[in-house]
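Scroll down for the structure; my scribbles are underneath it.
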Amino acid sequence: MKNAYDRFVRPLLFSIDPETAHHFTIACLRAASHIHPILSALNRFSPDPKPKSLFGLDFRNPIGLAAGLDKNGVALPTWAALGFGFVEIGTITAKAQPGNPKPRIFRFPEQQALINRLGFNNDGAAAIAIRLGKLKRSGRWPDVKVGINIGKSMSTPIGEASADYLHSFQLLKEFADYVVLNVSSPNTPGLRDLQGAEALAELLRTIGQKNIANRKPIVVKIAPDLELNQLEQIIATCEANNVSAIIATNTTLDHSSIPADQDQQGGLSGAPVRQKSSALIREIAARSTIPIIASGGILDADSAREKFEAGAGLVQIYTGLIYRGPGLLREIAGAIA
Ligand SMILES: Cc1cc2nc3c(=O)[nH]c(=O)nc-3n(C[C@H](O)[C@H](O)[C@H](O)COP(=O)(O)O)c2cc1C
């Protein structure tokens, strides 16, 4: 049965350029976050509580907003009112940056997929810390867990990545329930090299040294395109450095599901990454007890269930929200035992 999103909202949004549709949606969500009657109205459609505790945090339900939709943290109260159990903002970099040239988001409706090569366009850690500080002081900070996802500024050499992440961490940690080190976006050259054991250990040590008082859970977000031996090294490095959870996975560089004449450079998300992400989750769960947050190709209750069965404790959605709308939240929540 078609809901209002299927009938009206998606056709409208899909009739315009993907990035324009994105900015329009974020502007609406941002405006709504200041209007109490709208938040209350949205809240009435949010799913019933399905509490879940993981790495010391209590989530009201295990369904989160994946990073990249609200990069600048402008609509936290609205995401909470829609019923998400947790909201991950970012990726945020130490320096404000415009990202790659447009166009840089592409839809593939037949494959229920997106390709993006945004390149961490964001307002920068300092401006976002000011925004979050204002929200805190206004008393409108929502009752939902907030993850802050940080990455490397494009202009910072990869050899200086740790200092760049640390700068963002220091500015933003006070607002975060957990902090994600994104070492897996394909759109910042060299970033994925930070998944190598030595580079990852250095990054985790650098952050760890400044994460002693009021310790924040540190989460590492990994790519789906990893060899087993790379994955094993990542798990060992995460365990050795007290990482609280792994997010599996980011977008894929495997574009085999996209016809060659339509292909675009960038990270592929949505249905085509589902199996790959689930397989990686199974590999992690077979080797470690480290908590897993699933991301990749969750477009319905079945694909969400698959992630929990594979070993995930929490799930996150991005492309599914674009294709299915916020009703997807209730659909997934309804399928959780
Ligand atoms: C347009 C777009 C932008 C994204 N930006 C980010 C980002 O800034 N940081 C990040 O960690 N992941 C980012 N992602 C990846 C998503 O958070 C998610 O891990 C990935 O898309 C797989 O989940 P999905 O199939 O539900 O979309 C982005 C994805 C898309 C489609």
Side-chain angles (χ1 to χ4, degrees), residues 13 17-23 25-26 63-73 84 86-93 97 99-100 102-108 111-123 128 147-154 165 168 178-188 191-192 194-195 219-225 246-254 257 264 266-278 280-281 292-300 303-304 306-307 312 314-324 328-329 332:
L13 293 174
D17 150 76
E19 192 162 347
T20 310
H22 170 81
H23 288 308
T25 308
I26 290 290
I63 310 157
L65 178 73
L69 238 169
D70 191 356
K71 286 179 188 276
N72 294 312
F84 282 97
F86 61 111
V87 180
E88 193 170 306
I89 63 169
T91 293
I92 300 168
T93 54
Q97 55 184 37
N100 289 321
K102 295 176 186 172
R104 51 196 185 169
I105 308 179
F106 307 89
R107 297 186 192 103
F108 296 87
Q111 289 79 12
Q112 301 235 321
L114 298 170
I115 291 179
N116 91 83
R117 51 168 179 267
L118 288 163
F120 295 163
N121 52 315
N122 79 105
D123 295 341
I128 296 171
I148 299 190
N149 177 311
I150 58 177
K152 183 189 80 67
S153 310
M154 199 74 90
Y165 279 83
S168 302
Y178 67 91
V179 174
V180 181
L181 306 178
N182 178 6
V183 288
S184 50
S185 165
N187 300 314
T188 296
L191 192 88
R192 286 185 165 199
L194 298 174
Q195 294 174 117
V219 173
V220 172
K221 184 166 179 178
I222 63 173
D225 313 312
I246 291 178
I247 301 181
T249 66
N250 213 312
T251 54
T252 181
L253 286 172
D254 174 0
S257 56
Q264 289 287 343
L268 175 65
S269 60
V273 77
R274 170 179 170 178
Q275 302 297 346
K276 235 181 173 182
S277 297
S278 297
L280 209 72
I281 291 167
I292 302 166
I293 304 174
S295 159
I298 300 172
L299 286 116
D300 52 20
S303 43
E306 176 179 295
K307 304 296 184 191
L314 303 169
V315 297
Q316 293 182 317
I317 55 177
Y318 188 138
T319 306
L321 196 61
I322 307 297
Y323 281 95
R324 302 285 320 285
L328 177 58
L329 264 172
I332 296 173

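We count ligands from 1, going down the list as the structure has it; atoms in each ligand are counted the same way. All residue numbers refer to positions in the sequence shown, counting from 1.
Taking only nitrogen or oxygen atoms, main chain and side chain alike, Gly297 reaches within less than 3.5 Å of ligand 1. Inclusion of Lys221 in the set of residues having an N or O under 3.5 Å from an N or O of ligand 1 is warranted. Looking at Thr251 next to ligand 1, no N or O pair under 3.5 Å apart turns up. Close N/O approach between Asn116 and ligand 1 is not found [any backbone or side-chain N/O within under 3.5 Å].
Scanning for side chain to side chain donor-acceptor pair (under 3.5 Å) contacts around Lys307 gives Ser278, with sequence neighbours left out. Partners of Tyr323 by ring-ring contact (aromatic ring centres under 6.0 Å, His included), not counting sequence neighbours, listed by chain and number: Phe14.
The part of Asn149 lying near ligand 1 is the side chain, judged by heavy-atom distances below 4.0 Å.
With ligand atoms numbered from 1 in the order given, ligand 1 contributes 1 (C), 3 (C) to contacts under 4.0 Å with heavy atoms of Leu118. Each of the atoms 9 (N), 10 (C), 11 (O) of ligand 1 lies under 4.0 Å from some heavy atom of Asn182. Every atom of ligand 1 with a heavy atom of Leu114 under 4.0 Å away is listed here by number and element: 31 (C).
In this model, a donor atom of one side chain and an acceptor atom of the other lie less than 3.5 Å apart for Ser303 and Asp300.
Gln97 places a side-chain N or O within donor-acceptor distance of the main-chain N or O of Met154, the cut-off being under 3.5 Å. A donor-acceptor pair is defined here as one N or O able to donate and one able to accept, closer than 3.5 Å; no such pair exists between the side chain of Tyr178 and the backbone of Glu88. Between the Arg324 side chain and the Leu299 main chain, a donor and an acceptor come within less than 3.5 Å of each other.
For the pair Val180/Ile150, no side-chain contact is recorded, criterion being any heavy-atom separation below 4.5 Å from C-beta on. Using a 4.5 Å heavy-atom cutoff, the side chains of Leu181 and Val219 are not in contact. In this structure the side chain of Leu268 never reaches within 4.5 angstrom of the side chain of Asn116, judged on heavy atoms. Using a 4.5 Å heavy-atom threshold, the side chains of Phe86 and Leu314 count as touching. Looking at heavy atoms from C-beta onward, Lys221 lies out of side-chain contact with Thr91 at the 4.5 angstrom threshold.
Among all non-hydrogen protein atoms, the one lying nearest atom 1 (C) of ligand 1 is Tyr318 OH, 3.2 Å. Shortest contact from atom 8 (O) of ligand 1 to any protein heavy atom: Lys71 NZ, 2.8 Å. Protein heavy atom in closest approach to atom 15 (C) of ligand 1: Asn250 OD1, 3.5 Å. For atom 9 (N) of ligand 1, the closest non-hydrogen atom of the protein is Thr91 OG1, 2.7 Å. Atom 27 (O) of ligand 1 has its closest protein heavy atom at Thr319 OG1, 2.5 Å.
At least one heavy atom of Thr249 sits closer than 4.0 Å to an atom of ligand 1. Heavy atoms of Gly270 come nearer than 4.0 angstrom to ligand 1 in at least one pair.
For atom 16 (C) of ligand 1, the nearest non-hydrogen atom from the set Gly68, Ala67, Gly296 comes from Ala67. The closest heavy-atom contact to atom 18 (C) of ligand 1, among the options Ser269, Ser295, Ser185, comes from Ser295.
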